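A, B, ... follow the sequence lines: proteins, then strands. Residue 1 opens every chain. Computed from a predicted structure; not experimentally measured.
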Protein chains: 4
Amino acid sequence: MSVRNRQRLSPEVRREQLLGAATRAFLRRGYHATHVEQIVEEAGVSRGTFYAHFEGKHAVFAALVDRMLQIFLDARPALPEPEVLALHDAETVLRLSYREVLETFWRHRRLLRLLLEEAVGLEKGFAARVEEHFQAWHQRVRQTLDLFQERGVAHADLDKDLAADLVLGMVERVTRRHLLGPKKPDLDRLVEALVSFELRGIASAA
Amino acid sequence: MSVRNRQRLSPEVRREQLLGAATRAFLRRGYHATHVEQIVEEAGVSRGTFYAHFEGKHAVFAALVDRMLQIFLDARPALPEPEVLALHDAETVLRLSYREVLETFWRHRRLLRLLLEEAVGLEKGFAARVEEHFQAWHQRVRQTLDLFQERGVAHADLDKDLAADLVLGMVERVTRRHLLGPKKPDLDRLVEALVSFELRGIASAA
Amino acid sequence: MSVRNRQRLSPEVRREQLLGAATRAFLRRGYHATHVEQIVEEAGVSRGTFYAHFEGKHAVFAALVDRMLQIFLDARPALPEPEVLALHDAETVLRLSYREVLETFWRHRRLLRLLLEEAVGLEKGFAARVEEHFQAWHQRVRQTLDLFQERGVAHADLDKDLAADLVLGMVERVTRRHLLGPKKPDLDRLVEALVSFELRGIASAA
Amino acid sequence: MSVRNRQRLSPEVRREQLLGAATRAFLRRGYHATHVEQIVEEAGVSRGTFYAHFEGKHAVFAALVDRMLQIFLDARPALPEPEVLALHDAETVLRLSYREVLETFWRHRRLLRLLLEEAVGLEKGFAARVEEHFQAWHQRVRQTLDLFQERGVAHADLDKDLAADLVLGMVERVTRRHLLGPKKPDLDRLVEALVSFELRGIASAA
DNA sequence: GATGAATGAGTTTTCATTCAT
DNA sequence: AATGAATGAAAACTCATTCAT
């Protein structure tokens with residue numbers, strides 16, 4: 001009856017394929033302007049197949065957001081392990097953390113762009129989930145600052161809560177501006193700027 | 001045929017009223033989830049009246065974005081005047097700038113929230129216009145850093161282009177986290193944290 | 001309060017002015033594509049004034065159709081008076097009739113175009129009224145043919161009912177093709193062709 | 001959600017069915033007074049199905065006009081083939097031509113009525129396309145008259161350009177009056193009247 | 001499992017007409 | 001009488017989702 005390939009794939013593979021197609025489609029036009037039609041076309045399957053694997057458009061997007069958040073959860077960005085902290089000076093610690101964060105972001109830049117540009121302001125509670133993650137991350141940065149302060153790297157009067165915000169903001173802006181564009185970024189330079197600015201910003205000897 | 005109020009207003013007043021109603025509606029539900037129906041209900045007028053003043057939903061939103069951008073253009077945030085720079089030390093200059101910026105943001109926080117949460121990632125080129133403004137602002141911060149470097153406040157090796165990004169990111173995050181929420185922010189504290197972090201971050205004596 | 005001229009005109013003059021504006025507007029875009037807005041703009045009056053003089057869009061158009069049909073009723077096209085018939089040969093009679101018809105059509109070509117291009121197929125019974133007029137005209141042509149047959153000008157076997165249709169069709173096509181266009185027509189040539197074709201067409205000596 | 005019939009048809013068949021339903025609907029109420037709702041009700045399908053097959057109301061009507069014009073293009077009415085001309089006298093040729101034309105018109109009278117009553121005066125350029133066809137037809141009649149004149153059937157002074165208009169007008173009027181009504185026409189009588197009138201009308205021996 | 005034609009609730013938009021000033 | 005802002009019923013059109021094949 002049909003025309004297409006009617007290729008039978010295992011559910012996992014098909015799901016993966018659809019997820020990829022959805023990512024490309026959403027990146028191209030944004031969540032609302034992307035229609036299910038475009039996703040299935042991109043994937044080369046029929047509408048029916050799409051709905052066999054996802055509850056709907058909203059569900060694919062949710063899956064994408066989940067995946068993204070999972071990646072960052074796994075990468076545990078910016079939280080220095082105690083033993084790392086013990087072995088190295090603050091500068092090295094920061095450098096390693098930032099590098100790992102930026103590399104993770106760069107590796108998953110497509111999903112990340114989706115997350116930052118689309119998942120925000122998207123009624124269905126997506127924004128809230130992203131915000132949760134920001135909070136968690138804020139906590140970690142905050143904890144690092146606690147350690148730095150304990151060790152005398154950060155000055156005693158530092159408003160650590162706000163400082164964590166400032167640090168987060170720096171990373172976010174750098175990410176948006178330098179990692180999401182088409183050009184390959186100079187990660188070293190980005191890391192150095194972040195490390196230098198943060199270290200001085202919190203420095204004991206002002 | 002039915003009568004409602006049939007209150008007759010001058011086009012300017014009506015337009016203003018509709019703009020206000022639209023702002024409230026958009027803030028409540030976001031751009032896509034807000035329907036013209038809800039805007040006109042909020043304004044207490046008929047659909048026809050709405051379309052007599054705006055080409056459509058897209059056009060009201062565009063008007064809102066325009067207004068917002070105009071406000072920040074007028075506020076000229078963060079660009080210190082030469083004579084100000086000459087009279088005061090860098091700390092005072094920064095403090096004044098940040099205060100002005102944050103106060104403007106706080107005053108217009110409803111519009112700002114709309115801009116940051118809705119206008120970004122909205123197909124119709126809104127994001128591009130917002131990005132333009134970010135660029136312009138980046139330029140200004142950059143120029144300030146040039147001045148600071150000339151006067152020996154910023155260290156000679158400072159990667160000013162990136163530093164401008166970091167500064168912008170700090171302001172953006174602080175704004176999102178502290179100015180857009182329901183709680184009245186402690187502007188003094190925010191300003192101090194920003195000033196302190198930036199000044200140290202760029203400081204000559206590291 | 002207002003901007004316009006607020007010129008007070010007698011009802012008759014205003015009505016006439018509106019009728020003229022409506023004619024121009026309808027000719028430009030057709031009945032459906034012409035909006036009341038365009039008519040009042042063309043006339044330089046407000047919507048309210050328009051509705052003070054006509055029940056609505058439909059009513060202006062009806063007034064225009066009425067006027068047109070009245071003109072042709074008054075012109076009594078194509079019906080030769082008995083005394084005329086008595087005095088002249090058939091050729092002269094036809095020539096006079098056709099000339100009068102075509103001249104009337106030419107004089108009122110704008111209204112005529114409206115009638116032929118718009119009033120047809122316009123739900124509201126306009127088409128029916130036009131058709132009535134065609135029937136009346138058909139009767140007259142038919143009567144003329146009766147006279148011609150009595151006088152031996154038309155052959156005895158002539159299917160007069162159909163012949164009247166043919167004659168009407170000839171006039172209609174000539175009118176559409178040559179009188180409604182932008183070029184000034186050569187009425188003499190048109191009349192000669194009609195007279196010659198009809199006279200031969202019905203001629204006794206075939 | 002509710003189910004209706006959900007009869008699954010091939011696109012071609014469905015399109016054909018919709019075209020038929022649209023024709024009936026347009027014939028009943030005319031182009032403007034027919035709403036998509038009525039077409040889909042007539043076809044027994046949902047709005048969505050309609051829009052899957054046609055861009056909109058305008059597009060169905062355009063398809064109808066196209067089909068109509070194609071039919072008449074295929075029927076090549078009124079253009080006698082050279083070999084036909086050679087074998088028969090002018091009267092036979094005309095009789096055959098008219099018969100073919102009127103039979104084609106009669107067979108497709110529903111579409112034809114739509115074309116003549118609706119497509120004319122319909123902003124979107126429909127009228128222009130119909131007029132084009134009239135021009136082409138005019139050319140053919142004109143060419144036939146050239147042949148007739150060459151063969152001495154038509155008199156030497158005949159204004160062939162205008163005569164072609166007259167012939168076209170006759171056919172048009174006869175068609176409107178006798179083929180589009182509810183009564184079965186007497187085609188023989190119509191053909192005879194046309195042949196006789198035209199032959200005499202152009203006759204050499206006046 | 002896959003297909004894609006079919007569905008229809010939900011939105012946007014238009015424009016003839018009304019009526020407060 | 002004149003004005004023009006306001007009205008809202010009436011269309012047109014969209015697109016996520018369903019389900020017969």
Side-chain angles (χ1 to χ4, degrees), chain A residues 1-11 14 32 34-40 45-59, chain B residues 1-11 13-14 32 34-38 40 44-58, chain C residues 1-11 14 32 34-40 45-59, chain D residues 1-11 13-14 32 34-38 40 44-58:
Chain A
M1 184 135 295
S2 151
V3 192
R4 230 192 273 287
N5 234 351
R6 216 182 239 276
Q7 201 179 359
R8 288 177 77 125
L9 265 54
S10 76
R14 196 32 52 97
H32 279 104
T34 297
H35 307 157
V36 173
E37 170 65 28
Q38 289 155 10
I39 297 174
V40 302
V45 302
S46 71
R47 277 170 149 72
T49 299
F50 174 83
Y51 280 93
H53 291 274
F54 295 97
E55 281 203 1
K57 184 174 146 178
H58 176 263
Chain B
M1 207 136 283
S2 99
V3 185
R4 201 191 291 267
N5 217 354
R6 219 177 235 276
Q7 196 183 359
R8 211 181 151 90
L9 298 177
S10 77
V13 174
R14 182 63 83 193
H32 280 105
T34 298
H35 307 152
V36 173
E37 169 63 30
Q38 289 154 9
V40 302
V45 301
S46 70
R47 277 175 156 64
T49 297
F50 175 83
Y51 282 97
H53 291 274
F54 296 98
E55 281 203 1
K57 197 167 99 166
H58 175 262
Chain C
M1 182 135 297
S2 149
V3 193
R4 229 191 274 287
N5 235 351
R6 217 183 238 276
Q7 198 180 2
R8 288 178 74 123
L9 265 55
S10 75
R14 197 30 54 98
H32 280 104
T34 297
H35 306 157
V36 173
E37 170 65 29
Q38 290 155 8
I39 297 174
V40 302
V45 302
S46 70
R47 276 170 150 71
T49 300
F50 174 84
Y51 280 94
H53 290 274
F54 294 97
E55 281 202 1
K57 185 173 145 178
H58 176 262
Chain D
M1 208 135 283
S2 99
V3 185
R4 201 192 291 266
N5 217 354
R6 217 178 237 275
Q7 196 183 359
R8 212 182 150 89
L9 296 178
S10 76
V13 175
R14 183 63 83 194
H32 280 104
T34 298
H35 308 151
V36 172
E37 170 63 31
Q38 290 154 8
V40 301
V45 300
S46 70
R47 275 177 158 63
T49 297
F50 175 82
Y51 281 99
H53 292 274
F54 296 97
E55 281 204 0
K57 196 167 99 166
H58 174 262

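- When the P atom of F/dG4 is taken as reference, atom CD1 of C/Ile39 falls 17 Å away, rounded to whole Å.
- Shown here are the side chain to side chain donor-acceptor pair (under 3.5 Å) partners of C/Thr34, two or more places apart in sequence or in another chain: there are none.
- For B/Gln7 and E/dC19, the CD to P distance is 17 Å, given to the nearest whole Å.
- One distance of note links CD of C/Gln38 with NZ of C/Lys57; it measures 8.5 Å at 0.5 Å rounding.
- Rounded to an integer number of Å, the gap from CD of A/Glu37 to P of F/dT14 is 14 Å.
- Residue A/Gly48 is in base contact, counting any heavy-atom pair closer than 4.0 Å across all strands shown.
- Look at NZ on A/Lys57: it is 11 Å from C1' on F/dT14, rounded to the nearest Å.
- The NE2 atom of B/His58 sits 11 Å away from the P atom of E/dT13 (whole-angstrom rounding).
- Look at CZ on D/Arg8: it is 11 Å from P on E/dT7, rounded to the nearest Å.
- Proximity note for D/Tyr51 (side chain, C-beta onward) versus F/dT17, F/dT14, E/dT14: the nearest is F/dT14.
- Note on D/Thr49: every side-chain N or O is 4.0 Å or more away from OP1 and OP2 of E/dA5.
- Nearer to the 5' terminus of DNA chain E, by closest-nucleotide assignment, is the contact made by D/Ser10 (compared with the other of D/Ser10 and C/Val36).
- Between C/Phe54 atom CZ and F/dA2 atom C1' there is a gap of 16 Å when expressed in whole angstrom units.
- Set against E/dA6, F/dT3, E/dA2, the side chain of A/Ser46 has E/dA2 as its closest nucleotide.
- Heavy-atom nearest nucleotides on DNA chain E were determined for A/Phe50 and for C/Phe50, and the one closer to the 5' end corresponds to A/Phe50.
- Which of F/dA12, E/dC15, E/dA5 sits closest to the side chain of C/His35 comes down to E/dC15.
- In this structure, the separation between CZ on C/Arg47 and NE2 on C/His35 is 10.5 Å, given to the nearest 0.5 Å.
- Nearest to the side chain of B/Arg47, among F/dC13, F/dT17, F/dG8, sits F/dG8.
- With sequence neighbours excluded, the residues satisfying ring pair (Phe, Tyr, Trp, His ring centres under 6.0 Å) with D/Phe54 are D/Phe50.
- Side-chain contact between C/His53 and C/Val45 is absent, with no heavy atoms from C-beta onward closer than 4.5 Å.
- Separating the NE2 atom of D/His53 from the P atom of F/dC15 is a distance of 18 Å, rounded to the nearest angstrom.
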So what is the 5' to 3' dot-bracket string for DNA chain F, if pairs are Watson-Crick or G-U wobble with both distances under 3.5 Å, crossing pairs use [ ] and | means the partner sits on another strand?
.||||||||||||||||||||
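- Between C/Arg14 and the phosphate of F/dA1, there is no side-chain N or O to OP1/OP2 separation shorter than 4.0 Å.
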